[in-house]
Amino acid sequence: MMRLDDNDDDVSLFDAEEDTGRGGKSKKTKIKHPVASFFHLFFRVSAILVYLLCELLSSSFIACMVTIILFLSADFWTVKNITGRLMVGLRWWNQVDKDGKSHWVFESRKENSKQLVSDSETRVFWLGLVVCPVIWVFFVFSTLFSFKIKWLAVVIMGVVLQGANLYGYVRCKVGSRTNFKDMATNYFGRQILKQAMTKQEES
């Protein structure tokens, strides 16, 4: 696993899947997890549809608000804990160490097990992950411009919950421990070189 945390004591959740996937290779274009793919889009699309059609579905603002929040919460948990791991081989979470310090951990599958990830599922995953938060951002501005202040808390919650998953999985995708070690090494190297040149100029 590629991790962005220094704690290596955790047992990888991907190990079992990697072991079972070695016995045979399926086409990368095939949807390997249809149920996960369905629910990856179902909760977030349902929240958007309820928001758009709330006046037609119900005259009660509270009922619509609660329904949207339930869909958003279910989507956050599903995407964070299930669909990201199954569809693209990524996961992120927060853990507290023995000293009570909080650590954010971002993981991705090993390079030699990338064949377990379907290209079709990857496209579905990232399309839903990116497009829906953008829609909620649009809802924030439309709510402000139309003076529907009562909906502001709901649309902000949509941005926060779906934006958190987007941020977490982008960190999993673009970052690794090696990259951060290289960045740290280059940074400290530049600082040492800068100090050396400063001292040389002063002397």
Trainee: First locate atom CG of Leu86, then atom CG of Asn81, and finally report the distance between them rounded to the nearest 0.5 Å.
Mentor: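 If we round to the nearest 0.5 Å, Leu86:CG and Asn81:CG are 11.0 Å apart.
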Trainee: What residues, two or more places apart in sequence or in another chain, satisfy side-chain contact (heavy atoms from CB on, under 4.5 Å) together with Val155?
Mentor: Tyr51, Trp136, Phe139, Val140, Thr143, Leu152
Trainee: State, yes or no, whether a side-chain contact exists between Trp77 and Phe43 at a heavy-atom distance under 4.5 Å.
Mentor: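 No, side chains not in contact.
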Trainee: Can you hop from Val154 to Ile62 via hydrophobic side chains spaced under 4.5 Å?
Mentor: yes
Trainee: Do Val170 and Trp104 share a hydrophobic cluster (ILVMFWY, side-chain heavy atoms under 4.5 Å, transitive)?
Mentor: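 Yes, Val170 connects to Trp104 through the hydrophobic network.
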Trainee: With Ser59, which residues qualify under side chain to side chain donor-acceptor pair (under 3.5 Å), at least two apart?
Mentor: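 With neighbours one apart ignored, the set is empty.
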Trainee: Are Val105 and Val96 connected into the same hydrophobic cluster when the rule is that any two of I, L, V, M, F, W, Y join if their side-chain heavy atoms are below 4.5 Å apart?
Mentor: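 Not linked; separate clusters.
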Trainee: Would you give the length of the straight line joining atom CZ of Arg91 to atom NZ of Lys80, rounded to the nearest 0.5 angstrom?
Mentor: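 Spacing of CZ (Arg91) from NZ (Lys80) equals 9.5 Å.
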Trainee: Can you tell if the side chain of Trp126 reaches within under 4.5 Å of the side chain of Lys173, non-hydrogen atoms only?
Mentor: yes
Trainee: For Tyr169 together with Phe125, are the ring centres under 6.0 Å from each other?
Mentor: yes
Trainee: How close do Gly168 and Phe106 get, heavy atom to heavy atom, and via which atoms?
Mentor: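 Gly168 and Phe106 have their closest heavy atoms at O-CD2, 3.4 Å.
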Trainee: Distance check, rounded to the nearest 0.5 Å: Met87 atom CE versus Leu129 atom CG?
Mentor: 10.0 Å
Trainee: Taking it one step at a time, do Leu161 and Asn165 satisfy side chain to side chain contact (heavy atoms under 4.5 Å, CB included)?
Mentor: CA-CA 7 Å; Leu161 291 179; Asn165 266 326; over 6 Å; no
Trainee: Minimum heavy-atom separation for Trp92 and Ala164, please, with both atom names.
Mentor: CZ2-O, 3.7 Å
Trainee: Write out all pairs satisfying side-chain hydrogen bond (donor to acceptor under 3.5 Å, both in side chains) with one or both partners inside residues 147-156, taking only residues at least two apart or from two chains.
Mentor: none
Trainee: Please identify each residue that fulfils side-chain contact (heavy atoms from CB on, under 4.5 Å) with Leu53, with sequence neighbours left out.
Mentor: Leu56, Leu57
Trainee: Output the distance between atom OG (Ser102) and atom CG (Asn94), rounded to the nearest 0.5 Å.
Mentor: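 Taking OG in Ser102 and CG in Asn94, the distance rounds to 3.0 Å.
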Trainee: Would Trp93 and Glu107 count as a side chain to side chain contact (heavy atoms under 4.5 Å, CB included) if you check the C-alpha gap in whole Å, the side-chain angles of each, and the deciding distance to 0.1 Å?
Mentor: CA-CA 9 Å; Trp93 76 97; Glu107 285 191 345; 3.7 Å; yes
Trainee: Under a 4.5 Å cut-off applied to non-hydrogen side-chain atoms, are Arg85 and Leu90 in contact?
Mentor: no
Trainee: Determine which pairs satisfy salt bridge (charged side-chain N to carboxylate O under 4.0 Å, His left out) with at least one residue from residues 38-60, sequence neighbours left out, and list them in order.
Mentor: Arg44-Asp75
Trainee: Counting heavy atoms not belonging to Met157, are there more than 12 under 6.0 Å from its CE?
Mentor: no
Trainee: Look up atom CG in Leu72 and atom CD1 in Ile48, then write down how far apart they are to the nearest 0.5 Å.
Mentor: 8.5 Å
Trainee: Taking only residues two or more places apart in sequence or in another chain, which ones pass side-chain contact (heavy atoms from CB on, under 4.5 Å) with Val35?
Mentor: Phe39
Trainee: Taking only residues two or more places apart in sequence or in another chain, which ones pass side-chain contact (heavy atoms from CB on, under 4.5 Å) with Ala63?
Mentor: Ser58, Ser60
Trainee: If every non-hydrogen atom of Ala36 is compared with every non-hydrogen atom of Thr83, which pair is closest and at what distance?
Mentor: O-CG2, 3.4 Å
Trainee: Indicate the atoms forming the closest heavy-atom contact of Cys64 with Cys54, along with that distance.
Mentor: SG-CB, 3.3 Å
Trainee: Are Ile149 and Val137 connected in the hydrophobic side-chain network, where two residues link if heavy atoms are under 4.5 Å apart?
Mentor: no
Trainee: Between Glu121 and Lys32 (side chain of the first, backbone of the second, donor and acceptor by atom type, cut-off under 3.5 Å), is there such a pair?
Mentor: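 Pair found, side chain donor or acceptor close to backbone of Lys32.
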Trainee: Same cluster or not: Ile135 versus Leu127, using hydrophobic residues (I, L, V, M, F, W, Y) connected whenever any side-chain heavy atoms lie under 4.5 Å apart?
Mentor: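 As far as the 4.5 Å side-chain criterion goes, Leu127 and Ile135 are connected within one cluster.
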Trainee: Could you report the tightest heavy-atom contact between Cys132 and Gln162, atom names first, then the distance?
Mentor: CB-OE1, 3.1 Å
Trainee: For Phe138, check ring pair (Phe, Tyr, Trp, His ring centres under 6.0 Å) against everything at least two apart and list the hits.
Mentor: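 Result, ring pair (Phe, Tyr, Trp, His ring centres under 6.0 Å) vs Phe138: none returned.
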